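Quick caveat: nothing in here was measured; it's all calculated off a predicted structure.
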Amino acid sequence: MSITVEPEYDPLTARVRKIIEEVISDPPFFLVEVSVRGREGARVVEVFVDQDEGISIDALADLSREIGFLLETEDVIKGRYHLNVSSPGADRPLGHPRQFRRHKGRPVRLVHRAEDGAEHTVRGVIGAAGEDDVELEISEGQTRRFRYAEIAEARIELPW
């Protein structure tokens, strides 16, 4: 499940996504984002994976080897490519309900779409996060729920 509506992607990205989903189909991992850029012979495949407690470098290395092996075995990408498997850094937008749960209690800047289509920015602290929506404490004792479908972007507010 993705919070923001993903842009249309080409069949190559869809095929790469399917392979990655096979590799991480076992919890505790979840796929946050897949991007395939560049032209044949010079592609870059970026994969962002996470887990509820945060993901270790060793786990990322194992996933990278397994994903790379399957991409090579099934000859998905023609020519040379660079595979980058990492966790989403603190500067990347939240893109999965499990990320909101993981960051409960942290300040967030959220851009949501109102019914009229206008976008509004809200700052608050992440509270309860379910499968369909997240609760933010906007001010002392005042909370508001946002459906993931209305969220255009959400980023953790960093202290610096």
Side-chain angles (χ1 to χ4, degrees), residues 1-113 124-136 145-158:
M1 168 184 274
S2 180
I3 293 169
T4 56
V5 177
E6 291 191 29
E8 291 297 317
Y9 53 84
D10 67 344
L12 176 59
T13 303
R15 196 162 168 219
V16 168
R17 175 181 288 276
K18 184 176 179 183
I19 285 173
I20 294 164
E21 287 172 344
E22 287 175 19
V23 171
I24 66 167
S25 64
D26 240 355
F29 306 112
F30 60 93
L31 181 61
V32 175
E33 183 182 346
V34 176
S35 169
V36 180
R37 301 187 318 269
R39 58 178 164 61
E40 189 173 318
R43 296 209 192 267
V44 175
V45 178
E46 285 187 313
V47 179
F48 293 97
V49 179
D50 211 345
Q51 71 182 62
D52 297 330
E53 300 81 29
I55 193 165
S56 72
I57 292 173
D58 290 339
L60 288 170
D62 291 344
L63 289 171
S64 181
R65 280 190 291 277
E66 196 170 342
I67 291 167
F69 176 78
L70 286 175
L71 291 175
E72 291 294 321
T73 301
E74 297 190 21
D75 199 24
V76 175
I77 301 173
K78 304 296 180 204
R80 296 181 60 152
Y81 67 93
H82 177 74
L83 174 63
N84 180 19
V85 178
S86 65
S87 64
D91 60 334
R92 296 204 46 92
L94 302 178
H96 196 284
R98 286 172 69 178
Q99 288 180 292
F100 280 88
R101 286 192 288 276
R102 179 170 174 238
H103 292 288
K104 182 178 180 178
R106 294 189 68 187
V108 67
R109 181 181 54 80
L110 185 142
V111 178
H112 73 97
R113 286 182 224 86
V125 175
I126 299 173
E131 288 302 312
D132 299 316
D133 61 8
V134 62
E135 181 181 86
L136 293 187
R145 294 196 85 73
F146 295 92
R147 290 187 356 258
Y148 296 126
E150 8 174 90
I151 298 174
E153 182 178 87
R155 290 182 185 265
I156 297 298
E157 295 260 88
L158 300 174

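With hydrogens and angles ignored, the 3.5 Å screen pairs no side-chain donor or acceptor of S64 with any backbone N or O of A61.
Of the inter-residue distances, the one linking D50 atom CG with R102 atom CZ reads 4.5 Å to the nearest 0.5 angstrom. Atom CD1 of I67 and atom CG of D62 lie 11.0 Å apart (nearest 0.5 Å). The CG atom of L60 lies 10.5 Å from the CZ atom of R65; values are rounded to the nearest 0.5 Å. Between the NE2 atom in H82 and the CD1 atom in I77 there is a gap of 11.5 Å [rounded to 0.5 Å]. Taking CZ from R155 and CG from D91, the interatomic distance works out to 7.0 Å, rounded to the nearest 0.5 Å. For the atom pair CZ of R109 and CG of L94, the computed distance is 10.5 Å after rounding to the nearest 0.5 Å.
Counting only heavy atoms from C-beta outward, the side chains of I156 and I126 approach each other to under 4.5 Å. The shortest side-chain heavy-atom distance between V134 and I151 falls under the 4.5 Å cut-off.
Contact between F146 and L136 at its shortest, heavy atoms only, is CE1-CD1, 3.8 Å. When all heavy atoms of A152 and R113 are compared, the pair lying nearest together is CA-NH2, 3.6 Å. Summarising the geometry of V34 relative to R17, their closest heavy-atom pair is N-NH2, 4.0 Å, with the distance given to 0.1 Å. Here the closest non-hydrogen pair linking E21 and L31 is CG-CD2, 3.9 Å. Heavy-atom minimum distance, D75 versus R15: O-NH1, 4.4 Å. For the residue pair I55 and S87, the shortest heavy atom distance occurs at CG2-CB, 3.4 Å.
Salt bridge status for E131 with R101: present, with a side-chain N to carboxylate O gap under 4.0 Å. Between R145 and E135, at least one side-chain N (NZ, or NE/NH1/NH2) sits under 4.0 Å from a carboxylate O, which counts as a salt bridge.
For E74, there are no side chain to side chain donor-acceptor pair (under 3.5 Å) partners at least two apart in sequence or on another chain.
Residue Y81 forms a side-chain hydrogen bond (donor to acceptor under 3.5 Å, both in side chains) with just one option from E40, R43, R37, E72, and that option is E72.
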